Amino acid sequence: MLLRDFWHDVRFALRMMRKSVLASATIILCLGFAIGATGTVFAWMEAVIFEPAPGVRDLGRLASLKTTAVDGSEMSLSYPDYREARDSIARGDARMFLDLGAFSIRRLNMRVGAAADMRLAEPLWGALTSANYFDLLGVRPIAGRGFLAGEDAAAGGAPVAVISHTLWQRRFAGDRAVLGRRVWLNGREMTIVGVAPPGFYGTIARLAMDLWIPVTMHGEIGGDSGIFEEDARWLQVFGRLTPGVSLESARDAAQMVGARLAASHPADKNLGLTARSLDVGPVDRMAPLLTVMLGITVLVVLIVCSNVANLLLQQSAAREHETAVRLAMGARPARIVRQLMTESLLLAAGGVVAGGAVLLSARNALVTLVPDTPLPVVTDTPVDVRIVLVLAGAGLAALFVFGLAPALRSARVAVRASLSGGATRGGSRGGGPWRGALVSAQFALSLAVLVTAGLFLHRLDELRRVDRGFRDPEHVVLSTVNFTMSGVEEGERDLTERLVDQVARLPGVRSAAAASFVPLGFVGYSSMDASVDGYVPRPGESMSFLVNRVSGAYFATMEIPIVRGRAIEAADREGARPVAIVNEAFVRRFWGQGDPLGRGIRVDGRNLTVVGVAADGKYEFLAPLDAPSPPFVYLPFAQWGHWEVVLHVRAAGDPLALVPSIQRTVTSVDARLSAMNPATLDSYSSVPYLPVRLGSRVLSVLGAGALMLA
């Protein structure tokens with residue numbers, strides 16, 4: 001009986017919707033816009049916050065260990081520190097953790113045939129991990145195995161690799177015979193022993209690793225052997241908490257281990273160790289922004305609901321006579337309310353379907369705002385059952401918000417009209433105080449959305465006015481040359497000099513240089529411990545500074561002013577006096593108003609002479625863009641070398657038009673080399689703008705839509 005009445009209500013509701021197609025379509029589209037926006041932001045939150053590392057078991061029980069300085073800054077751990085901290089757990093000194101694991105990501109190239117041309121090698125991103133990496137994460141390969149205990153014990157002792165499911169499908173067509181197959185990573189032979197499950201990419205949110213190899217294979221793929229020394233902090237260390245242990249208790253245990261490290265290792269003097277929730281990368285800083293955006297989408301849903309309620313009130317006013325007649329014929333008010341709610345249910349269902357279409361078209365919009373980067377950013381935001389439930393829940397909530405009040409009012413007014421005999425065919429005009437209140441609510445909520453969007457736009461404008469330290473970045477094109485990926489084991493200094501010289505001769509090039517690091521990008525950061533002649537560090541003061549290895553003409557190409565002394569010159573090469581350029585912040589911290597030229601500093605065990613002072617700039621993308629510049633050191637590339645350089649080319653015209661000629665020039669210098677990841681300096685260094693840019697764009701769309709609806 002109830003089912004028959006329901007289907008009767010549905011058929012009647014469809015007839016009424018056909019009579020007012022324009023109004024019904026308007027309502028469905030408005031609801032679809034609001035519900036779809038809510039679902040899209042929730043999908044972003046799920047990918048970034050709720051499930052940043054798909055495939056990892058019990059993510060909340062994992063914690064990261066970080067080296068801490070007295071100023072509160074956090075750093076990665078050195079390999080010796082990781083081994084000793086893990087040994088402490090094995091001895092029972094830190095029973096708060098079941099075990100500790102470690103990893104570090106690295107760019108590689110892979111070729112399947114030993115005699116294959118290096119230019120045909122496939123660039124990949126991989127992670128060097130401890131042998132217990134997969135076990136700690138609770139990840140089981142779908143084919144083969146993970147790493148065995150002890151496969152990370154000796155340098156170069158275990159040339160094995162686990163590949164991702166995506167790489168397995170893309171490169172090996174899902175062939176299960178891939179197990180035992182040999183591949184060459186950076187020219188070193190490895191054997192594939194396992195395939196990771198679908199959807200697992202590692203623990204850095206939104207970054208997809210292609211493969212994993214033991215951490216002690218670092219030297220075999222062309223890595224610097226000094227990376228395993230005490231002052232090289234490059235490992236991301238994490239642990240799984242013992243059942244029943246809180247993060248606070250684990251933090252206390254980490255502090256005790258840190259005190260032991262500080263006492264036994266000179267490089268750890270005045271440093272500590274702390275535990276915190278698992279570090280999933282910089283995306284966790286977007287949590288407050290996405291929370292605000294989700295709240296704004298809820299406001300937009302309320303605006304749409306008030307708009308729809310207004311439309312339904314207008315319709316109910318026109319249908320008072322019809323409703324009064326039905327009541328006079330014996331229909332109960334509850335039956336009238338049910339009928340009107342059925343009509344609203346169909347509208348809400350249509351809104352959910354339209355919202356699903358909005359979600360499917362907008363779910364990957366987040367990736368389009370990510371600046372140019374060589375990192376393997378995951379481009380797809382999946383839609384799962386939870387997101388579908390959010391869409392359905394938003395539609396159901398909207399149904400009661402916009403449908404119930406008009407239905408109750410319509411039945412109540414019709415009852416009075418029926419009893420008084422005063423119903424007119426056109427019904428009463430307006431909607432009484434209801435409509436006025438709804439209109440006021442719409443404008444108030446729309447104003448709140450627009451004001452929030454305006455604040456983001458204002459903040460974005462403020463950040464754009466901040467001096468990043470270099471000039472006209474839109475006229476500089478970048479291109480990366482990785483020597484170890486190309487099989488070049490030595491001679492990178494001479495090759496870099498030849499590359500810069502040949503590229504600088506290209507038509508349309510104003511100047512060219514090379515550097516190991518691009519300011520404000522996602523990758524390339526390198527820091528070194530330093531001491532300053534005549535300066536005694538305070539207890540706990542960090543003396544580790546970011547460094548950039550640069551070629552001659554770097555400062556001219558970047559248009560970074562040299563405020564005192566000179567820049568790097570061609571004469572600053574191997575065998576000449578070791579020199580350094582420091583920034584103004586370095587001078588202020590260590591010499592105040594004194595003359596820095598000719599002063600001595602010691603970096604990585606080498607005595608250097610300061611020959612110039614560069615203007616301050618912005619370097620770390622994680623630091624607030626309007627924060628004071630930290631001390632920074634520039635080193636001559638010809639005296640230090642590096643396994644990877646980024647060519648900086650300032651163009652007279654369109655910089656991206658130079659990319660093909662730059663790529664040809666690089667290959668002509670050495671057939672093994674290739675120029676990768678071309679991008680303008682402006683795009684590459686715009687990482688700090690990402691959260692504010694995302695917020696301003698999304699909120700501007702929502703605000704404009706809300707105002708239009710109001």
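Note that this is a predicted model, so its numbers are computed, not measured.
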Are [X] and [Y] packed together at the side-chain level, in the sense that at least one heavy-atom pair is separated by less than 4.5 angstrom?
{"X": "P198", "Y": "I142", "value": "yes"}
{"X": "V300", "Y": "F33", "value": "yes"}
{"X": "T297", "Y": "V698", "value": "no"}
{"X": "P473", "Y": "T680", "value": "no"}
{"X": "L289", "Y": "P691", "value": "yes"}
{"X": "F200", "Y": "L137", "value": "yes"}
{"X": "T368", "Y": "R697", "value": "no"}
{"X": "I28", "Y": "L347", "value": "yes"}

Exercise: identify the closest heavy-atom pair between A287 and I49: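 Closest approach of A287 to I49: CA-CD1, 3.3 Å.
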To the nearest 0.5 Å, what is the distance between [atom1] on [X] and [atom2] on [Y]?
{"X": "D682", "Y": "D372", "atom1": "CG", "atom2": "CG", "result": "10.0 Å"}
{"X": "I303", "Y": "I296", "atom1": "CD1", "atom2": "CD1", "result": "8.5 Å"}
{"X": "T480", "Y": "M676", "atom1": "OG1", "atom2": "CE", "result": "6.0 Å"}

salt_bridge([X], [Y]) N-O dist < 4.0 Å:
{"X": "E122", "Y": "R170", "value": "yes"}
{"X": "D467", "Y": "R471", "value": "yes"}
{"X": "E51", "Y": "R386", "value": "yes"}

My understanding is that only one of R459, R465, R464, R468 makes a salt bridge (Lys or Arg N to Asp or Glu O under 4.0 Å) with D626; could you say which?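 Single pass found, and it is R459.
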Evaluate the ring planes of F621 and Y525, with Trp represented by its six-membered ring, and classify them as parallel (under 30°), tilted (30 to 60°) or perpendicular (over 60°).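 Correct class here is tilted.
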Donor on one side chain, acceptor on other, S64 and D279, under 3.5 Å: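 On atom types as modelled, these side chains do not qualify, holding no pair under 3.5 Å.
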Please report the C-alpha distance between V377 and F522 in whole Å, then the side-chain angles of each, then the deciding distance to 0.1 Å, and finally whether the side-chain contact (heavy atoms from CB on, under 4.5 Å) criterion is met. CA-CA 11 Å; V377 177; F522 278 119; over 6 Å; no
With Y684, which of P519, P374, P371 fulfils side-chain contact (heavy atoms from CB on, under 4.5 Å)?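 Considering P519, P374, P371, a side-chain contact (heavy atoms from CB on, under 4.5 Å) with Y684 is found only for P374.
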Check: [Y] main-chain N/O paired with [X] side-chain donor or acceptor under 3.5 Å:
{"X": "S164", "Y": "D210", "value": "yes"}
{"X": "W44", "Y": "L290", "value": "no"}
{"X": "T381", "Y": "R363", "value": "yes"}
{"X": "D384", "Y": "I387", "value": "yes"}
{"X": "Y201", "Y": "G199", "value": "no"}

How about F134 and W212: are their ring centroids closer than 6.0 Å?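 Ring centroids of F134 and W212 are less than 6.0 Å from each other.
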Does atom CZ of R276 have more than 12 heavy-atom neighbours, drawn from other residues, nucleotides or ligands, at distances under 6.0 Å?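 Yes, the 6.0 Å shell around CZ holds more than 12 heavy atoms from other groups.
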Under the side-chain contact (heavy atoms from CB on, under 4.5 Å) rule, what do F238 and T203 come out as? Steps first, then yes or no, please. CA-CA 10 Å; F238 65 95; T203 60; 5.7 Å; no
